[in-house]
J.: 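My questions all concern the structure below.
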Number of protein chains: 2
Amino acid sequence: MTQKIQTRDPELTRARILDAAETLFVEQGFSAVKLSALARSAEVTKSLIHHHFGSKEQLWEAVKNRAFERYFTAQMAMLEEAGEPDAALLRSSVEAYFHFLRDNPGVVRLFAWTHLEGDNHCGELDNQLVGAGAEWVRQAQKRGLLRSDVNPTHVIAMFVMTCTQWFEAKCHHQHWPGIGSDAAFLEDFLKIFMEGVTPRG
Amino acid sequence: MTQKIQTRDPELTRARILDAAETLFVEQGFSAVKLSALARSAEVTKSLIHHHFGSKEQLWEAVKNRAFERYFTAQMAMLEEAGEPDAALLRSSVEAYFHFLRDNPGVVRLFAWTHLEGDNHCGELDNQLVGAGAEWVRQAQKRGLLRSDVNPTHVIAMFVMTCTQWFEAKCHHQHWPGIGSDAAFLEDFLKIFMEGVTPRG
DNA sequence: GTACTAACTGGCCGACCGGTCAATTGCTTC
DNA sequence: GAAGCAATTGACCGGTCGGCCAGTTAGTAC
C-alpha cells in the first residue's frame, strides 16, 4: 500500500498549508495575513503554497470551503437525527447549535470575516438548513405546540443570531457587569426564548 | 471672527481625512485600506495624513474614537430621557436600539471589525451603559413587572446581540427563505422577547 | 515688516508584498 | 535503469506599502 514514510507527501503538505492558513485567517482575516508568515507557520516555502493553491485568494476560498463543509456536515447530521417537531426539539436544537459554536470558535470567526466582506458564500446550503428548520417550526405551530403568530424563519433567525453574536463578540461583552458564563447565558436565553414561543391559551 | 474663506483649514482637513477614513475602514477593515487610496479619496496628500494623525494605526484609533463617541452620546441621550422602568420602557428601548443601528450601519460594521480584532476598546463606557440598562431591568423585576428568574444583564445582552447581529450579518441572512423586512423581524422578535420576559402568575 | 509656527507638498526610501521561474529532487511506471 | 512527472526549492521580480524629510507657503503675533 501507500507507504507514508517518505520525504514527499503532497496531501500532507496541502493539509499543513490549509491548517496553518485557517489558523491565521481565523485570527487576522484575509488582508492582514502575509504569505511569508503563513509559509513560516506551515513550515513550507511560499512557492509551495502557490504550487498547491494558485494564489492567496484561492487559498482563502479553499479554507472557507473546508470549514463551511465541516459546519454543514455537522448541522445536517443534527437535523437528521432530530425527532418530532415540538418545543422540546426546538430547545435541544438551540442547545446543540450553541454548543457547536462554543466548540468551534474558528467557524464563528470565519463566518464573521466573510459577513464583513459581504461574501454571500455558501448561500444555498445555508438556505437549505434554515428552510428545514423553519419548516419544523411551521409544523409545530400547526399542531399548536408553538405560537403561530410569528414567522417561523424569524424564530430560527432569532436563536441563530443570538448564539452567533454571543461567541463572535465575546471579547466585547465578557466584561459587562453581571454577565454570566456560557452556560448561564444559554440558560437565561432559553428561559426567555422558550417562554416567548410558547402558545397562550 | 474666524474667517473661514481661506486656503488653509486644518480642522476641515482633519475632518475630510477622518470622514474618508471612516468610509474606507467601515467598508474594508483596517488592513485592507491603503493610505494611498485614502489620500486620493480625501483629496489630500499622504504626508498630510501623517502630519495630522501620525500613523495609520493612530488614524484608525481616531476614527473608532469618533464613531464610538457618537454611539455613546446617542445611547446616553436615550437613557436619560427614559421614564419609569417597566415592560413598556424595555420595549421602546429595544425599538430605539434597533432603529439606531439601522440608521447607523457604519457603527455596526466598525463594532464588528473591532470585535474581530479582539479590541476591548470603549470598555468602560459600554459597561456603564449596560450597567444602567441592567439596573432598570432589576428595578422592574423587583416591582414584579418583569420575570425575576433571569439575570438582568442577560436580558440586555439578548436584545443588544440580536439587533447587532441582524444588521451585522445582513448580507448573509437576507436571502434566507421566508425572512422578512427589518420591521417584520423586529415585530416578531419583540413578540417573542416581551412574552419571554413577562412574569407568570 | 519681521519672525515664528503650523499646514502642506512632492519626492523619496527601505521593506516587503504576492507572485514567477528555472532548476533540482524524489516518486512512479514501464 | 530510463523516462516522465509532480513536489519542492531558492533566487528573484515589479509593484507598492507605510512612512520620512527637506523645503515651501499661509496665517499669526509683535
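Below, chain A is the first sequence line, B the second, and so on; all start at residue 1. Note that the structure is a prediction, hence the values are computed from the model and not measured.
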J.: From the options D/dG19, C/dT9, C/dA7, select the nucleotide whose nearest atom is closest to the side chain of B/His52.
T.: C/dA7

J.: Roughly, in whole Å, what's the span from CZ in A/Arg16 to C1' in D/dA7?
T.: 13 Å

J.: Please enumerate all residues that pass salt bridge (Lys or Arg N to Asp or Glu O under 4.0 Å) together with B/Glu43, with sequence neighbours excluded.
T.: none

J.: Determine yes or no for a side-chain-to-main-chain donor-acceptor pair under 3.5 angstrom, with B/Arg147 supplying the side chain and B/Thr198 the backbone.
T.: no

J.: Distance check needed: D/dA26 P versus B/His51 NE2, whole Å only.
T.: 15 Å

J.: Any Lys/Arg nitrogen of B/Arg109 or B/Glu168 sitting under 4.0 Å from an Asp/Glu carboxylate oxygen of the other?
T.: no

J.: Has the side chain of B/Ser47 got a donor or acceptor atom sitting under 3.5 Å from an opposite partner on the base of D/dG19?
T.: no

J.: Which nucleotide wins on minimum distance to the side chain of A/Lys56, given the candidates D/dT9, C/dC8, C/dG18?
T.: C/dG18

J.: If you take atom types as modelled and just measure distance, does the side chain of A/Lys46 reach the base of C/dG19 with a donor-acceptor pair under 3.5 Å?
T.: yes

J.: I'd like to check the ring pair (Phe, Tyr, Trp, His ring centres under 6.0 Å) partners of B/His52; sequence neighbours left out, ordered by chain and number.
T.: none

J.: Heavy atom of residues 19-44 of chain A under 4.0 Å from DNA chain D: which residues?
T.: none

J.: Starting from C1' on C/dG18, measure out to NE2 on A/His50 and report it in whole angstrom.
T.: 5 Å

J.: Do B/Phe185 and B/Thr162 pass the side chain to side chain contact (heavy atoms under 4.5 Å, CB included) test, and can you show the C-alpha distance, the side-chain angles, and the key distance before you say yes or no?
T.: CA-CA 11 Å; B/Phe185 176 76; B/Thr162 308; 3.9 Å; yes

J.: Does the base of D/dT25 carry an N or O that pairs as donor and acceptor with the side chain of B/Thr7 under 3.5 Å?
T.: no

J.: Tell me the interatomic distance from A/Phe53, atom CZ, to D/dA7, atom P, rounded to whole angstroms.
T.: 11 Å

J.: Mind calculating the distance between CD (A/Glu57) and C1' (C/dC17) to the nearest angstrom?
T.: 14 Å

J.: Can you tell me how far P of C/dA7 sits from CD1 of B/Ile17, to the nearest Å?
T.: 11 Å

J.: Please assess A/Gln75 against A/Tyr97 for the test side chain to side chain contact (heavy atoms under 4.5 Å, CB included), listing each intermediate value before the final yes or no.
T.: CA-CA 8 Å; A/Gln75 296 306 310; A/Tyr97 191 73; 3.6 Å; yes

J.: Please state whether the rings of A/Phe68 and A/Phe72 are parallel, tilted or perpendicular, taking 30° and 60° as the class boundaries.
T.: perpendicular

J.: Given atom CG of A/Leu48 and atom P of C/dG19, what is their separation to the nearest angstrom?
T.: 15 Å

J.: Nearest whole Å is fine: how far is C/dT24 P from A/Arg8 CZ?
T.: 13 Å

J.: Between C/dA7, C/dG19, C/dG26, which one does the side chain of B/Pro10 approach most closely?
T.: C/dA7

J.: Which nucleotide, D/dT9, C/dG19, C/dG26, lies nearest any side-chain atom of A/Thr45?
T.: D/dT9

